[in-house]
2 protein chains.
Amino acid sequence: MKFSAQEEYGIRFLISLGKAYYSGKGKTIPEISKSEGISQHNVAKLLRVLRLGGFLESERGHTGGYTLSRPPEEINIGDVMRTLGGKLFDEEFCKHHSGNNSFCAHSIDCSTRGLWMLIQNAVDNVINNLTLRDLLGPEKQLVKKKTNPAKSIAL
Amino acid sequence: MKFSAQEEYGIRFLISLGKAYYSGKGKTIPEISKSEGISQHNVAKLLRVLRLGGFLESERGHTGGYTLSRPPEEINIGDVMRTLGGKLFDEEFCKHHSGNNSFCAHSIDCSTRGLWMLIQNAVDNVINNLTLRDLLGPEKQLVKKKTNPAKSIAL
DNA sequence: GTCAATCTTGACAAAAATGTCAAGATTAAA
DNA sequence: TTTAATCTTGACATTTTTGTCAAGATTGAC
């Protein structure tokens with residue numbers, strides 16, 4: 001159970017562009033490449049995913065660059081994570097892992113699936129209730145805000 | 001953010017051996033291979049990981065096979081998941097992703113790290129409070145038991 | 001219009017995860 | 001003791017993920 005590289009970089013790029021959103025406008029691929037220490041080509045590839053996901057807009061030409069497509073508080077981290085890394089648990093799961101039993105242990109009742117869904121629900125409760133804005137402040141503030149979920153996270 | 005194949009198979013094998021633990025004793029590699037639809041060699045490779053993790057014991061020879069090393073209720077799912085797939089978030093993270101900034105954005109304050117830790121805490125609250133025994137009943141029972149975590153999951 | 005800077009796209013290379021194979025070691029039954 | 005069944009290990013092949021590259025398209029400044 002790991003975060004993919006695309007997820008890690010994608011979140012970092014959004015944070016970088018989220019900070020730029022308030023103070024100025026956007027950033028260019030070379031700028032992000034330099035500040036994050038990733039090759040320009042790789043930055044371009046990953047920003048493309050976020051653009052196709054609707055989180056970013058790009059402009060070409062001499063004064064071009066990338067900007068958020070809407071304010072940070074309107075960008076849901078759950079949506080972002082699903083765009084970058086897909087869903088943790090997928091319905092296809094049961095098709096790939098039915099084993100040789102003709103009575104697929106999974107279609108009727110499957111504890112592995114139950115565990116996966118429990119984990120996914122826990123993760124979704126966190127990421128669906130965060131926006132990019134929550135990631136722009138200091139780390140301690142984020143942890144403080146969300147560690148006691150009773151106030152903000154609906155079940 | 002995906003489960004690794006090793007995690008998926010590892011959990012399934014433990015469930016299979018957990019059911020065998022009460023009724024009889026253990027299972028052989030060919031038996032698990034057949035019921036789960038995975039090659040014997042691959043089963044052998046994955047069971048080895050669980051054995052080295054201390055969850056299983058093996059015996060060779062004509063009447064050999066694999067058995068749980070202790071009762072299902074003493075096998076913590078969090079321990080199992082960490083053995084199979086490592087930790088979701090690792091301290092090494094900040095070493096690999098410091099970027100070119102000499103003042104590593106991560107060592108002092110890093111919202112990406114904060115998000116990762118929030119997610120990991122949510123996952124840990126689920127898996128650290130489950131034992132293999134919880135996975136041996138019907139799926140509905142598992143979801144029911146743990147969906148309202150107030151009673152059983154300590155913060 | 002020319003130039004330099006930007007983003008865009010598809011193809012390719014490298015690395016990591018996953019799965020397979022072959023040879024061997026151990027044990028119990030016949 | 002022989003045999004057949006089991007587990008054990010390391011090497012290798014395949015697949016997926018990740019990262020790189022080259023050629024092109026667009027835009028603003030001069």
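It should be emphasised that the depicted structure is a prediction, and the values quoted were computed from it without experimental measurement. Atoms considered below: every heavy atom in the structure, side chains included; atoms not considered: hydrogens, waters and symmetry mates.
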Specify the separation, in whole Å, of atom [atom1] of [X] and atom [atom2] of [N].
X	N	atom1	atom2	result
B:Leu52	D:dT9	CG	P	7 Å
B:Lys2	D:dT18	NZ	P	11 Å
B:Ile29	C:dT20	CD1	P	14 Å
B:Glu31	D:dA5	CD	C1'	12 Å
A:Phe3	D:dT18	CZ	P	13 Å
B:Gln40	D:dA5	CD	P	12 Å
A:Lys27	C:dC7	NZ	P	13 Å
A:Leu47	C:dT6	CG	C1'	13 Å

> Of all residues at least two apart in sequence or in a different chain, which pass the side-chain hydrogen bond (donor to acceptor under 3.5 Å, both in side chains) check with A:Asp124?
Replying inline: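 Testing A:Asp124 for side-chain hydrogen bond (donor to acceptor under 3.5 Å, both in side chains), a comparison that skips the adjacent residues, returns none.
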>> Distance check, rounded to the nearest 0.5 Å: A:Leu68 atom CG versus A:Leu14 atom CG?
In response: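 CG of A:Leu14 is found 6.5 Å from CG of A:Leu68.
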>> A side-chain contact here means heavy atoms from C-beta on lying under 4.5 Å apart; do A:Glu36 and A:Phe13 qualify?
In response: yes
> Does the side chain of B:Trp116 reach to within under 4.5 Å of the side chain of B:Leu88, using non-hydrogen atoms?
Replying inline: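 Sidechains of B:Leu88 and B:Trp116: no contact.
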> For nucleotides 19-30 of chain D, read 5' to 3', which letter fits each nucleotide if B means a protein heavy atom sits under 4.0 Å from the base, S means only the sugar-phosphate is that close, and - means neither?
Replying inline: BBBB-BBBBSS-
>> Tell me if the CZ atom of B:Arg82 is crowded by more than 12 foreign heavy atoms within 6.0 Å.
In response: yes
>> Whether A:Arg51 contacts C:dT8 is assessed here as follows: a side-chain N or O lying under 4.0 Å from the phosphate OP1 or OP2. Is that the case?
In response: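 Affirmative; the distance criterion is met.
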> Reckon A:Ser4 has a side-chain N or O less than 4.0 Å from the OP1 or OP2 of D:dT17?
Replying inline: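 Checking A:Ser4 against D:dT17: no side-chain N or O falls below 4.0 Å of OP1 or OP2.
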> Mapping A:Arg48 and A:Gly64 onto DNA chain C by nearest heavy atom, which one lands closer to the 5' end?
Replying inline: A:Gly64
>> Can you give me the closest heavy-atom contact between A:Gln6 and A:Val49, atom names plus distance?
In response: OE1-CG2, 3.8 Å
>> Let's go through A:Leu136 and A:Ile15 carefully: what are the C-alpha distance in whole Å and the side-chain angles of both, what is the deciding distance for side chain to side chain contact (heavy atoms under 4.5 Å, CB included) to 0.1 Å, and is it a yes or a no?
In response: CA-CA 6 Å; A:Leu136 299 182; A:Ile15 291 174; 4.2 Å; yes
